[in-house]
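All remarks here apply to the structure that follows.
Naming convention: chains lettered A, B, ... in sequence-line order (proteins, then strands); numbering from 1 in each chain.
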There are 2 protein chains.
Amino acid sequence: MAIAHPTRLAPGPVDLRAVDTRTTPGFDGDKAAGQAALELLGRELTELQERLFAHGRVGGRQRLLLVLQGMDTSGKGGTVRKTVGLVDPQGVRTVSFRAPTAEERAHDFLWRVRRVLPPAGDLGVFDRSHYEDVLVARVRGLAGPAEIERRMEAINAFEAELVDDGVTIVKCLLHISPEEQLARLLARLDDPAKHWKFSPDDIDDRARWGEYRAAYEAALCRTNTDAAPWFLVPADRKWYRNLAVAQILLAALREMDLAWPPADFDVDAERARLLGTEPSA
Amino acid sequence: MAIAHPTRLAPGPVDLRAVDTRTTPGFDGDKAAGQAALELLGRELTELQERLFAHGRVGGRQRLLLVLQGMDTSGKGGTVRKTVGLVDPQGVRTVSFRAPTAEERAHDFLWRVRRVLPPAGDLGVFDRSHYEDVLVARVRGLAGPAEIERRMEAINAFEAELVDDGVTIVKCLLHISPEEQLARLLARLDDPAKHWKFSPDDIDDRARWGEYRAAYEAALCRTNTDAAPWFLVPADRKWYRNLAVAQILLAALREMDLAWPPADFDVDAERARLLGTEPSA
């Protein structure tokens with residue numbers, strides 16, 4: 001089963017309607033094959049993430065930041081559970097961004113983001129992110145065009161700064177169709193175990209689908225930098241979404257080319273000392 | 001395969017030497033059976049943790065805090081990977097406590113702990129904890145007996161306060177033998193992929209095994225409260241340790257008796273509104 005490297009979004013204008021959300025680019029198998037491929041990928045993902053974590057423990061600066069964006073029900077939470085859940089939770093820092101608090105609103109929009117960046121060695125996962133401040137802010141008119149443009153520039157500068165500081169940034173738009181969203185919202189309403197995931201606001205946002213699409217297209221075009229590229233993940237098929245994000249993370253980790261950190265002590269000397277040390281009773 | 005509820009440490013004086021670290025109390029199967037039992041438990045654990053998370057999202061105050069203590073190589077990290085790793089990382093907050101920084105030392109020893117408590121709905125995991133301040137601090141003479149005693153009292157007051165605020169606290173001592181530790185430290189020295197986990201200090205701590213044991217016995221006896229009980233987990237067998245901690249977490253979650261949060265909206269009305277809403281193009 002061939003698994004192609006998921007390609008980043010091409011630079012330039014973005015037309016989300018031109019992307020089929022049910023396709024599985026780079027993968028020609030079915031759901032069962034996709035789940036098997038994910039499990040297989042999981043092993044390498046786990047080892048490379050542990051190497052990253054190990055480097056963080058011995059003074060390395062590298063970190064990995066996964067930004068997940070997408071409309072309601074696009075599967076941000078499911079991706080965390082199924083893909084991020086493959087690796088050691090010790091080295092994972094998941095942050096869900098909701099509507100900013102009064103304290104957060106009293107600061108620049110990036111203030112709250114800076115406070116929760118992953119430390120060295122960690123995989124940080126943003127379920128929503130600073131992009132909400134150029135998406136929902138635009139659609140709901142919380143900020144005017146000039147302020148949105150200022151924020152776009154600020155985001156590019158911020159992300160470039162992070163990259164210079166050793167952060168690898170991977171941004172994924174989980175792209176679903178309005179039909180798929182309808183099915184998922186109905187499923188949430190039909191299952192009492194999922195009512196807590198539903199908010200009446202979701203329907204209001206759904207009514208503004210085209211406005212969100214336009215806001216996403218503008219943001220993706222403007223912030224799809226070489227330093228911090230966007231990936232467009234067709235997400236109507238959950239198994240493909242999980243596999244694609246795993247592949248993207250794996251490619252980013254492979255790119256870091258991390259060997260196990262060498263010992264900063266004399267291994268033979270420590271072995272001799274260990275064998276010669278009697279634990280007190 | 002019967003799985004008994006792991007019993008909390010009996011109140012009163014603690015004699016760690018009387019506990020066989022290779023036993024598997026409450027479980028009469030072998031390694032394969034233990035691993036299968038863990039996988040089975042994982043399903044209920046995952047569902048109950050999601051219920052806790054759901055409650056946190058809709059205003060619930062409950063949280064779960066797992067405190068993992070034990071000598072080097074006792075398997076705190078492995079427990080996070082294998083047991084905590086069963087549930088959704090979205091609702092997990094893992095914190096590793098290392099030697100305090102200069103800023104942390106400028107505050108009371110509980111200051112840094114308060115800053116990283118799990119928020120409502122989360123499972124917080126402490127890999128080492130405030131207990132280091134009455135363990136390593138005692139063994140290395142970083143604090144005198146009066147200060148250690150003050151800290152013990154402060155810990156009990158702190159934990160009682162947390163419990164009153166909706167935190168369920170589960171404290172596990174992962175109990176290994178010095179022989180098992182020797183084997184695990186040698187394995188770390190023999191495998192270049194594990195060198196980063198080894199520190200020459202580990203051998204110094206090992207030499208003081210008896211002093212650590214006495215420090216643990218004193219701390220366990222003093223802080224084994226009804227509000228925040230200790231569990232003693234024989235941990236020479238990794239599979240049993242993983243299963244036992246899963247069982248302890250599961251019992252704590254069952255005790256919370258959480259139903260799915262009821263909808264705070266009219267389900268039928270929202271379904272009708274959803275079906276009547278046309279997404280803009």
Side-chain angles (χ1 to χ4, degrees), chain A residues 17 46-47 50-51 53-55 57-58 77 80-81 84-85 87-94 96 125 127 178 181-182 185-186 189-190 192-200 202-204 206-211 213 260-265 267-268 270-271 273-275 277-281, chain B residues 17 46-47 50-51 53-55 57-58 77 80-81 84-85 87-94 96 125 127 178 181-182 185-186 189-190 192-200 202-204 206-211 213 260-265 267-268 270-271 273-275 277-281:
Chain A
R17 278 176 294 193
T46 299
E47 167 154 351
E50 194 186 349
R51 288 187 191 209
F53 185 73
H55 277 268
R57 280 296 176 92
V58 299
V80 174
R81 197 160 50 247
V84 177
V87 308
D88 188 346
Q90 243 180 129
V92 174
R93 184 169 295 224
T94 307
S96 288
V125 182
D127 174 348
Q181 190 196 48
L182 177 62
L185 286 174
L186 284 172
L189 286 171
D190 289 343
K194 291 182 175 165
H195 284 167
W196 66 276
K197 295 186 181 185
F198 182 87
S199 159
D202 299 349
I203 300 180
D204 303 325
R206 173 174 169 77
R208 294 172 154 179
W209 191 274
E211 293 150 88
R213 187 184 38 70
W260 289 109
D264 58 357
F265 50 84
V267 176
D268 291 331
E270 290 301 321
R271 191 184 290 108
R273 195 162 74 87
L274 173 58
L275 290 168
T277 299
E278 191 60 36
S280 65
Chain B
R17 278 177 295 193
T46 299
E47 166 154 351
E50 194 185 350
R51 289 187 190 209
F53 186 72
H55 277 268
R57 281 297 177 91
V58 299
V80 174
R81 197 159 51 248
V84 177
V87 307
D88 188 347
Q90 243 180 129
V92 174
R93 183 168 294 223
T94 306
S96 289
V125 182
D127 174 349
Q181 189 195 49
L182 177 63
L185 286 174
L186 285 172
L189 286 171
D190 289 343
K194 291 183 176 165
H195 284 166
W196 67 277
K197 294 186 180 183
F198 181 88
S199 160
D202 298 349
I203 301 180
D204 303 325
R206 173 174 168 78
R208 293 173 156 179
W209 191 274
E211 291 151 270
R213 187 184 39 70
W260 290 108
D264 58 357
F265 48 85
V267 176
D268 291 330
E270 291 301 321
R271 190 184 291 109
R273 196 162 73 88
L274 173 58
L275 290 167
T277 299
E278 191 61 34
S280 65

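Comparing A:Val84, A:Val92, A:Leu185 by heavy-atom pairs within less than 4.5 Å of chain B, the highest count is held by A:Leu185. When each of A:Pro262, A:Gly210, A:Gly85 is checked for heavy-atom pairs under 4.5 Å with chain B, A:Gly210 comes out on top. Counting heavy-atom pairs closer than 4.5 Å to chain B, the top residue among A:Gly77, A:Pro200, A:Ala263, A:Pro261 is A:Pro200. Comparing A:Ile203, A:Val267, A:Thr94 by heavy-atom pairs within less than 4.5 Å of chain B, the highest count is held by A:Ile203. Ranked by heavy-atom pairs under 4.5 Å with chain B, the list A:Val87, A:Val58, A:Leu186 is led by A:Leu186.
Only the side chain of A:Asp127 comes within contact range of chain B, with heavy atoms under 4.5 Å apart. Contact of A:Ser96 with chain B is made through the side chain alone, with heavy-atom distances under 4.5 Å. Residue contact with chain B, scored on non-hydrogen atoms closer than 4.5 Å, is absent for A:Lys194. For A:Trp260, the part lying near chain B is the side chain, with the backbone staying farther off; criterion is any non-hydrogen pair under 4.5 Å. Contacts between B:Arg81 and chain A at a heavy-atom distance below 4.5 Å involve backbone atoms as well as side-chain atoms. Contacts between A:Glu270 and chain B at a heavy-atom distance below 4.5 Å involve backbone atoms as well as side-chain atoms. Using a 4.5 Å cut-off between heavy atoms, A:Arg17 touches chain B through its side chain atoms alone. Interface remark: A:Pro178 contributes side-chain atoms only to the contact with chain B (heavy atom separation under 4.5 Å). Within the 4.5 angstrom heavy-atom criterion, no atom of A:Gln181 approaches chain B. Looking at A:Val80, both its backbone and its side chain come within 4.5 Å of chain B, counting heavy atoms on both sides. For A:Arg273, the parts lying under 4.5 angstrom from a heavy atom of chain B are both the backbone and the side chain.
The side-chain hydrogen bond (donor to acceptor under 3.5 Å, both in side chains) check on A:Glu50 picks up nothing, with sequence neighbours excluded. For the side-chain hydrogen bond (donor to acceptor under 3.5 Å, both in side chains) test, no residue two or more places apart in sequence or in another chain qualifies with A:Thr46.
A side-chain donor-acceptor contact under 3.5 Å links A:Arg213 to the backbone of B:Ala281.
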